[in-house]
Amino acid sequence: MKTKGILLDLDSIQENEKSVIRLFVKTENRIEIFKDKNFSPYFYVKALDNKKAIKDIIEKEFEGKEKKFKAIKAEESIEGSIKIYFNSTTDLVEALQQIKEISGITEKREYDFIFTSRYLIDKGLEPLNGIEIEEEEKEINSIKKIETETELNFIAFDLETYSETKFSDAKFDPILMSAVTFFDKKTNKLKTEIITTKKGSNVLLVKEEKEIIEKLKEKIQGKDVLITYNGDSFDLPYAKERARKLKTRFDIGIDGSEPLIRRKGLYNATRVKGIPHFDAYQLVRILARFGIINSIKYDLETIVNSIYGIKKEKIKAEDITRIWKTGEGYEKLLKYNYEDSEYTYKIAFDFFPLMAELGKLTKQTLFEVNRSSASDMVEKLLINKSFQEKKLFPNKPNETEIKKRIMQSLKGGHVREPIAGLHENIAVLDFRSLHPSIMISHNISPETINCKCCKNGKHVSPEGNWFCENKKGFLPSIQKELLDKRTELKNELKKEKNELKKTSLNARQHAMKILLNSFYGYLAYERSRWYSFESAKAVTAWSRYYIKEIAKKAEEQGFTVIYGDTDSAFIKMPKTKTKKDVLDFVKKINLDLPGVMELELEGFFKRGIFVTKKEGTAAKKRYALIDEKDKLKIVGFEYVRRDWSGIAKNTQKKVIELVLKEGKPEKAIQEVKKVIKELKEGKIQKKDLVIFSQIKKSIGSYDAIGPHVSAAKKAIKKGKSIGTGSIIGYIITRNGKSISDKSELEEFVEEGNYDSEYYIKNQVIPAVIKIIQEFGYDEKDLILGGKQSSLSAFG
DNA sequence: TAATTCGCTAGACCGA
DNA sequence: TCGGTCTAGCGAA
């Protein structure tokens, strides 16, 4: 019988001592389980004498935990290796240890790879894409990928729980309510309901806590993707534990299992069999790593604000309990629960296409890709290609090798010292995808380096290594494929009118961009299977070479180069030069660049400012530009840093704006004076004084107790739970001697209790002084009344 | 518990 | 209480 569906999830189980793959497939209207009993785990070995080794392997009795077993098959395979099959993954693991007892075996390969990933790659399947199964009574005879439009039913949920202390403990504290959000087909809109035991808006009333869990379970059943915000560590483990306490089961898995909690260091990964658990918190972490979003904190309120610009109200744990007890503010609590669930749904929904595409490209399930690192993704992609090209992929490095790799240090990009001051008519040029384009254009790959044939060829790096011109490198050939496909998709995107198709095309090209940019890092990452220090070294050597060449040529053309960082050149156009001259220059450069390397014009800016450091030389990585539409671009300054107070950041922004937009340093000075006055008068609100900083290691292991550590320590004494990874918001109060003494967690500080001296001298003034100094003013002009200088910017 | 290096700044820490 | 050094965090690319 033929069945078509969408592949949601897979796992492997042991059945009659055999490993069996189970696929969770969305067919017509439900999720069904299909078993594949014909796929055996395997690994490869290399041997001195294959014939003899095969005979020995076949005859070998391996010692299992319970009984002896044999390999089911051993045969000659790719690259002169021997492929050995086993009944189960447990057999394979045992055999892996004992295989070295056979003489003449020199090497083991492809043994450290997850069985389910193996299955997807070998069968050429893509999670969240279509599959066609030839089956009998749910047992798979054959399977293949087909292209299908993915239409899935999502459901998000969010729990509110009771707590006498700061944190709820599932052993004692009940679930008060659970919001669920899903797409309502009747109204074609999102619908959110709150399952709870007290009446109110949008409430789905039940009698007791146990029924909340059961109702939630009922709501989840029939959906295809389960969305939470930090469900990995909170909502799912909590619901599971409460169910146990209340003598019921939270068995939402398609196979009737409960959520499976796997400890992953400090965090959990919680899996639901058959229904991919899509944790929006994990998603947001990934997006932040790839620079897609930028946020100070990772709680839902901050994230919603940074993605959608919407201010969502937060209710603290203790208030939830108070509201529940008194009933006062109950509607607010309902709204809070409602919004948590709805925004969680929205974030996950909006970024689902991107994650789905990353999953398809790297052959990872949604659950996996949702918790995957950049190196994971590149590695899976490479392994997949390796399989397609019938090659053996490299082993993971052992710990000794990893340590050796860490010892090596790599020189990075070139940063040019800026010319400090105010500049006008700036053109910013930059290389399009610098690292990938260097890798592709110079064929940089671990196996093309220093080949026999091309020592004096085109691809000799500035530091001496060279790369083959005859044989295409493994890594760059994949990058080229991605690049070409991406260009094609972007062209299609331009023509496409249908919004849904546009979303999907855009997600695909974005996924490719992310992967493309991760190759270089993977090459230089110590745990990489395709590690090549010398290759990575060549990439950066070339990057330095090319960007310096651009600067040199720009100067030869009569431009002044005012700055450059890694892949960019900021050039100042003298009066005699036009925009066309800049574009012609770019064009000319591109004629000489090799392969796919390309210089682009990022934009024209009417003004820009670079400042000096304390020691007097110009500061790199901090500047501000204003374009022709008066749009500011502020880089590196305190304004973009979370470890500065709002009052300092906002004042700095205003100063930059006044100076760049209107060329009025005098106005800027007035502005700063005004802020200083308000600070002195105690008028500044708490929220503008908070400084955020992360506790990056265990609180006891600090040598230097800075303000954030000090505030954290005090808060811990008061019963707050703060650990590695916590982001602290603190305020410098009037109570104490040193800055650290005065530092206190924001929530413990009364409105108005702040050290105005600190905020003036250590926050506002340092944030603006370097900028106004460029106009001939100094600190005295900010504190004293009179104006010391009358220099004007454009006078 | 998983990409890299370059660069800036603050504030503690320490010895004179 | 000073100045130099070191620890720490965060951002740019």
Side-chain angles (χ1 to χ4, degrees), chain A residues 262-269 285-286 288-291 294 296 371-379 396-397 402 405-406 408-418 430-431 433-435 514-515 517-531 533 536-537 539-540 543-544 547 563-568 602 611-615 617-623 633-644 648 691-697 701-710 724-725 727-728 732 737-743 758 761-763 766-767 769-770:
Chain A
R262 191 163 55 96
R263 295 241 167 259
K264 248 182 139 185
L266 285 172
Y267 303 96
N268 291 332
R285 302 303 298 225
I286 290 180
R289 276 210 298 279
F290 290 133
N294 180 20
I296 289 176
R371 289 155 188 81
S372 163
S373 64
S375 67
D376 262 341
M377 293 188 203
V378 176
E379 188 159 288
K396 279 186 191 160
I402 289 168
R405 292 178 181 183
I406 292 173
Q408 289 176 299
S409 70
L410 194 61
K411 207 170 156 192
H414 171 70
V415 190
R416 187 182 171 102
E417 189 182 319
D430 64 359
F431 278 103
S433 306
L434 179 65
H435 288 158
I514 288 172
L515 288 174
N517 286 332
S518 302
F519 273 68
Y520 160 74
Y522 183 69
L523 206 54
Y525 168 53
E526 66 267 12
R527 297 183 115 83
S528 164
R529 291 178 193 264
W530 276 271
Y531 179 83
F533 179 77
K537 206 173 93 174
V539 175
T540 55
S543 83
R544 291 188 296 275
I547 203 62
Y563 180 58
D565 184 351
T566 311
D567 62 354
S568 64
E602 196 200 292
V611 297
T612 56
K613 292 183 291 187
K614 267 202 167 139
E615 314 88 86
T617 54
K620 298 167 176 177
K621 298 189 189 280
R622 20 177 69 204
Y623 57 86
K633 186 180 178 185
I634 300 177
V635 179
F637 276 117
E638 286 75 5
Y639 174 68
V640 300
R641 297 179 63 95
R642 72 169 168 212
D643 54 353
W644 281 77
I691 298 164
F692 292 100
S693 193
Q694 196 178 15
I695 299 293
K696 300 199 73 146
K697 44 188 201 174
S701 62
Y702 278 88
D703 292 330
I705 312 294
H708 72 299
V709 182
S710 170
T724 312
I727 289 165
I728 302 293
I732 303 304
K737 285 185 85 179
S738 73
I739 294 168
S740 286
D741 289 343
K742 294 178 185 175
S743 158
Y758 171 83
K761 287 233 159 99
N762 297 34
Q763 290 281 324
I769 191 72
K770 288 289 161 191

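Protein chains get the first letters and strands the later ones, always in sequence-line order, with residue 1 at the start of each. Values in this document were obtained by computation on a predicted structure and should not be read as measured data.
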Phosphate contact ([N] OP1 or OP2) by [X] side-chain N/O below 4.0 Å:
| X | N | value |
| --- | --- | --- |
| K620(A) | dG7(B) | yes |
| N762(A) | dA10(B) | no |
| K696(A) | dC10(C) | yes |
| H708(A) | dA8(C) | no |
| K411(A) | dT5(B) | no |
| R371(A) | dT1(B) | no |
| S740(A) | dA12(B) | yes |
| S409(A) | dT5(B) | no |
| Y623(A) | dA13(C) | yes |
| S373(A) | dA2(B) | no |

Sugar-phosphate only, base, or nothing, as touched by [X] at under 4.0 Å among non-hydrogen atoms:
| X | value |
| --- | --- |
| Y758(A) | sugar-phosphate |
| G412(A) | sugar-phosphate |
| Y525(A) | base |
| S693(A) | sugar-phosphate |

Are K621(A) and D565(A) within salt-bridge range, i.e. N to O under 4.0 Å? yes
For dC10(C), does the base pair up with any side-chain atom of R642(A) as donor and acceptor (N or O, under 3.5 Å, distance only)? no
Tell me: [atom1] of [X] to [atom2] of [N], nearest whole Å?
| X | N | atom1 | atom2 | result |
| --- | --- | --- | --- | --- |
| W644(A) | dG11(C) | CH2 | P | 13 Å |
| E417(A) | dA12(C) | CD | C1' | 17 Å |
| Y639(A) | dA12(C) | OH | C1' | 17 Å |
| F637(A) | dG11(C) | CZ | P | 15 Å |

Hey, are [Y] and [X] close enough side-chain-wise for a donor-acceptor pair under 3.5 Å?
| X | Y | answer |
| --- | --- | --- |
| R263(A) | N268(A) | yes |
| S738(A) | S740(A) | no |
| Y531(A) | E526(A) | no |

To the side chain of K621(A), which of dG11(C), dT4(B), dC13(B) is closest? dG11(C)
Given that Y520(A) and R416(A) both sit by DNA chain B, which one's nearest nucleotide is further toward the 5' end? Y520(A)
When you compare the protein's N or O atoms with those of nucleotides 14-16 of chain B, which come within less than 3.5 Å of each other, and at what distance?
none

Identify the pairs formed between an N or O of the protein and an N or O of nucleotides 3-7 of chain C at a distance under 3.5 Å, and give each distance.
none

